[in-house]
Amino acid sequence: MLPPYLQSLNEQQREAVETLEGPLLVLAGAGTGKTRVLTTRIAHILGNHKALPSQILAVTFTNKASYEMRERISSLIGRTVEGLWLGTFHSLCVRILRRHAERINLKTNFTILDTDDSLRLIKQIQKAENIDDKKWPPRAILGMISLWKDRGLGPDQIDKNNLPNQYGPKNPALTIYPIYQERLRILNAVDFGDLLLHCLTLFTQCTDILDFYQHQFRYILVDEYQDTNIAQYLWLRLLAQGHKNICCVGDDDQSIYGWRGAEIANILKFEHDFPGAHIIRLEQNYRSTPHILGAASGLIAKNTGRLGKTLWTEADAGEKVFIKSVWDGEEEARYVGDEIEALQRNKFSLSKMAILVRASHQTREFEERLLTLGIPYRVIGGPRFYERLEIRDALAYLRLINEPNDSLAFERIINTPKRGMGSVALQNLHHISRSEGVSLMASAYKIIETDELRGQTRNTLANFLKDVDRWRQQVSFMSPSDLAKMVLDESGYTEMWQRDKSPDAPGRLENLKELVVALEEFETIESFLDHVSLVMENSSNQNVDSISIMTLHSAKGLEFDIVFLAGWEEGLFPHQRSLGETGLKGLEEERRLAYVGLTRARQRAYIIYAVNRKIHGSWQSSLPSRFIGELPKEHVDSQTAVTALSSNFKIRDVTGPARYLPTSSGKKSLSSASSFNKFEVGTRVFHIKFGYGQVIDAHGDKVDVDFEHSGLKKVITSFLEKA
DNA sequence: AGATGTACCATTTTT
DNA sequence: TGGTACATCT
């Protein structure tokens with residue numbers, strides 16, 4: 001008799017769950033239930049008492065995925081599970097490093113720096129080393145260093161004769177990398193990449209520790225294997241050498257993190273790395289309609305070097321992928337907003353819809369439109385709570401209390417609120433810090449013993465140091481939440497915002513309160529800071545039914561009934577920068593991204609492209625994305641012709657920018673009988689804003705309507721419904 | 001020290 | 001277009 005959780009699986013899924021011994025690679029296409037396989041597998045291992053929770057190591061791509069997996073496992077086996085090693089690579093590495101950091105010359109209370117801090121640090125180094133930050137922006141330097149780290153290379157492991165980059169041999173990242181690592185050590189801090197790198201160092205240098213974990217983890221499971229980078233791959237391979245029970249789930253067609261060092265090659269050489277590996281393919285798609293699946297499959301077939309899967313489904317045909325051409329970004333947002341409202345009227349819930357964009361700045365126009373329409377939305381992966389100015393300041397206070405050598409935190413708050421410690425005083429501290437190789441805090445202690453600073457500045461600095469000392473002494477007597485509240489009050493930070501007359505000051509005070517509340521859930525400041533640096537989702541996940549806006553990258557692993565794919569234009573998607581340097585490789589990754597986007601949709605997918613787009617304040621005309629042309633005709637419903645006409649009409653409306661627009665190209669004058677015939681003269685129509693009315697004149701997709709309440713208006717047919 | 005003004009350039013994607 | 005780095009002002 002099969003346990004109930006196995007009964008509902010198909011043959012391949014069940015095989016993937018039940019093959020418990022030896023290396024296993026599950027090649028799972030989009031929407032084939034790979035996450036389900038992973039959770040069921042863990043439940044199965046636990047249910048059969050094959051292993052204790054602590055003997056299972058499961059790696060997911062996001063923290064959110066971990067939470068969801070944990071919940072599903074609990075519901076499958078009917079009880080909560082404690083002690084699983086379930087998390088992202090990063091969170092698992094933190095867990096290990098917090099135990100053993102001192103073995104590799106790192107203090108266990110290290111701070112985890114985010115990208116912002118890393119950039120500031122690099123900038124400081126560039127200044128000190130006289131490296132032009134115009135020619136070599138810190139972002140580029142950090143990108144280079146991160147890439148090395150993603151490949152598992154420390155500063156002393158770089159092959160100077162074989163630099164894998166486009167910047168050439170004079171690349172200052174080479175100089176900066178060792179200095180950067182040394183500075184991090186002084187700060188007692190690590191960056192994202194270090195988490196993996198230090199963990200690797202730990203495993204290779206301390207064989208007893210590696211032994212211990214190799215023994216402990218009897219079952220290793222990895223989700224989204226196609227997006228592991230070399231460092232993560234090495235990490236996994238080391239740990240898997242013990243029991244060799246590693247189960248990786250992935251889809252080469254959904255590899256979209258090549259730019260971050262992910263290697264599809266990892267999935268291709270799995271058999272080689274783990275001899276005797278078993279391979280299972282999941283090809284039955286349970287998510288999308290055949291039209292959506294057909295469009296996506298046709299698109300991805302243009303890529304070369306695929307492992308190749310043939311997805312199929314038993315679902316009913318459903319609707320074709322809908323392609324819509326619009327005049328510009330504004331109309332795009334308007335169109336999407338109107339569709340959303342129409343769908344809402346048909347009882348679709350907002351939480352089942354998503355707007356997916358290529359680049360995060362595209363979210364803005366949609367946000368504005370949804371705000372005016374009063375449609376609740378949330379931007380996934382957008383500006384986050386913990387990235388707000390006031391929260392970062394407050395966190396800096398906590399960081400400094402937790403680790404006084406965290407100079408970046410020190411620098412952030414030494415003059416916030418204003419204490420009269422200006423740039424001159426700070427430069428003095430930096431000078432000492434650099435020449436003696438100590439932190440800013442330590443430099444401050446030194447300088448107040450001297451006459452380097454003016455009397456008053458010296459006093460304020462001395463007082464600040466006393467304050468920090470006092471706060472540090474309270475750590476063991478107060479809860480993190482109470483301590484934070486006290487620190488914010490005593491430092492004058494709260495007061496600073498209370499005095500501030502600007503309109504956003506009250507909101508900031510609210511956020512600070514929210515931070516204090518959030519802290520209540522944590523036992524130590526350190527655990528809270530870990531949470532902040534590793535967990536990215538917005539804390540304000542209200543229960544309001546709302547539509548999601550996000551980038552295609554953030555949409556990975558998610559699914560929605562209705563998906564709006566916006567901005568499918570050459571240059572934007574595929575993005576110009578992905579084409580330039582990496583050529584075909586870049587293009588294929590963009591195509592996989594398009595594939596990921598399409599396959600998020602269960603019932604209906606819209607693809608939208610604008611004929612004109614504003615870039616850096618000036619208008620540019622754009623061509624439809626080549627991906628649109630690559631979609632099999634039988635699976636799409638295109639309205640290109642309608643829009644060509646609409647462009648001509650709209651030029652009259654656009655006053656300034658219209659000058660820069662090209663005259664319409666011949667290609668778009670193809671006619672399709674579909675949409676604008678619907679609204680012939682005399683048709684009774686409904687308009688969202690103007691209500692009911694009658695068409696009195698029609699030209700192209702623009703019609704004159706006599707509305708019962710609003711009078712004569714010229715409107716676009718896409719706003720209209722037949723009444 | 002801090003506030004105000006001006007010139008310049010550009011972020012594609014994120015654990 | 002809008003953010004930010006630097007220069008100049010009070």
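Here is the naming used below: chain letters follow the sequence lines, and residue numbers restart at 1 for every chain. Just so it is clear, the values below take in all heavy atoms, side chains as well, and ignore hydrogens, waters and symmetry mates.
- Of the candidates dT13(B), dT1(C), dT11(B), dT11(B) carries the atom nearest the Arg139(A) side chain, counting heavy atoms from C-beta on.
- To the nearest whole angstrom, the two P atoms, one in dT13(B) and one in dT4(C), are 15 Å apart.
- Applying the salt bridge (Lys or Arg N to Asp or Glu O under 4.0 Å) test between Asp117(A) and each of Lys123(A), Arg412(A), Arg392(A) identifies Arg392(A) as the sole match.
- Atom pair Glu589(A):CD and dT13(B):C1' shows a separation of 8 Å (rounding to whole Å applied).
- Rounded to whole Å, the C1' atom of dT12(B) lies 24 Å from the corresponding atom of dA5(C).
- One can place OH of Tyr386(A) at 15 Å from P of dT15(B), the figure rounded to the nearest angstrom.
- Proximity note for Thr62(A) (side chain, C-beta onward) versus dT1(C), dT15(B), dT14(B): the nearest is dT15(B).
- The aromatic rings of Phe528(A) and Phe522(A) sit perpendicular to each other, their planes meeting at more than 60°, with 30° as the lower class boundary.
- In the set dT14(B), dT15(B), dG2(C), the nucleotide with an atom closest to the side chain of Arg364(A) is dG2(C).
- Ser554(A) comes within contact range of the sugar-phosphate backbone alone, with a heavy-atom separation under 4.0 Å but no base atom that close.
- Cation-pi check for Arg98(A) over Phe110(A) is met; the charged atom lies under 6.0 angstrom from the ring centroid and within 45 degrees of its normal.
- Closest to the side chain of Lys614(A), from the set dT13(B), dT15(B), dT1(C), is dT1(C).
- Atom CD of Glu263(A) and atom P of dT15(B) are 20 Å apart (whole Å).
- For Lys418(A), whose side chain is taken as the heavy atoms from C-beta onward, the closest listed nucleotide among dT14(B), dG2(B), dT12(B) is dG2(B).
- At whole-Å resolution of the value, NE2 in His553(A) and C1' in dT11(B) are 13 Å apart.
- Leu558(A) has its CG atom 13 Å from the P atom of dT14(B), to the nearest Å.
- Across the protein-nucleic acid pair, Lys64(A) atom NZ and dT15(B) atom P stand 12 Å apart, rounded to whole Å.
- Between Trp259(A) and Tyr257(A), the ring centre distance stays below 6.0 Å.
- Residue Lys123(A) has a polar side-chain atom (N or O) positioned under 4.0 Å from OP1 or OP2 of dA5(C).
- Which of dT15(B), dT1(C), dT13(B) sits closest to the side chain of Ala359(A) comes down to dT13(B).
- Checking dA1(B), dT15(B), dT1(C) against every side-chain atom of Val424(A), the shortest atom distance belongs to dA1(B).
- Counting any heavy atom pair closer than 4.0 Å across all strands shown, Phe89(A) reaches no nucleic acid atom.
- The residue Phe61(A) sits close only to the backbone: its heavy atoms come under 4.0 Å of sugar-phosphate atoms, none of a base.
- Rounded to an integer number of Å, the gap from NE2 of His616(A) to P of dT12(B) is 7 Å.
- A donor atom on one side chain and an acceptor atom on the other are found under 3.5 Å apart for Thr60(A) and Ser66(A).
- Along DNA chain B, the nucleotide closest to Asn415(A) and the one closest to Tyr257(A) are compared, and the more 5′ of them pairs with Asn415(A).
- Evaluation of atom-type donor-acceptor distances gives no pair under 3.5 Å for the side chain of His575(A) against the base of dT12(B).
- Nucleic acid contact class of Arg592(A) (heavy atoms, under 4.0 Å, all strands): none.
- Atoms CG (Leu119(A)) and P (dA5(C)) sit 11 Å apart, rounded to a whole Å.
- Among Arg591(A), Arg306(A), Gln226(A), the one residue that satisfies the side-chain hydrogen bond (donor to acceptor under 3.5 Å, both in side chains) test with Asp253(A) is Arg306(A).
- Using a 4.0 Å cut-off, some side-chain N or O of Ser360(A) falls inside it from OP1 or OP2 of dT13(B).
- For dT12(B), the OP1/OP2 oxygens have a side-chain nitrogen or oxygen of Arg577(A) closer than 4.0 Å.
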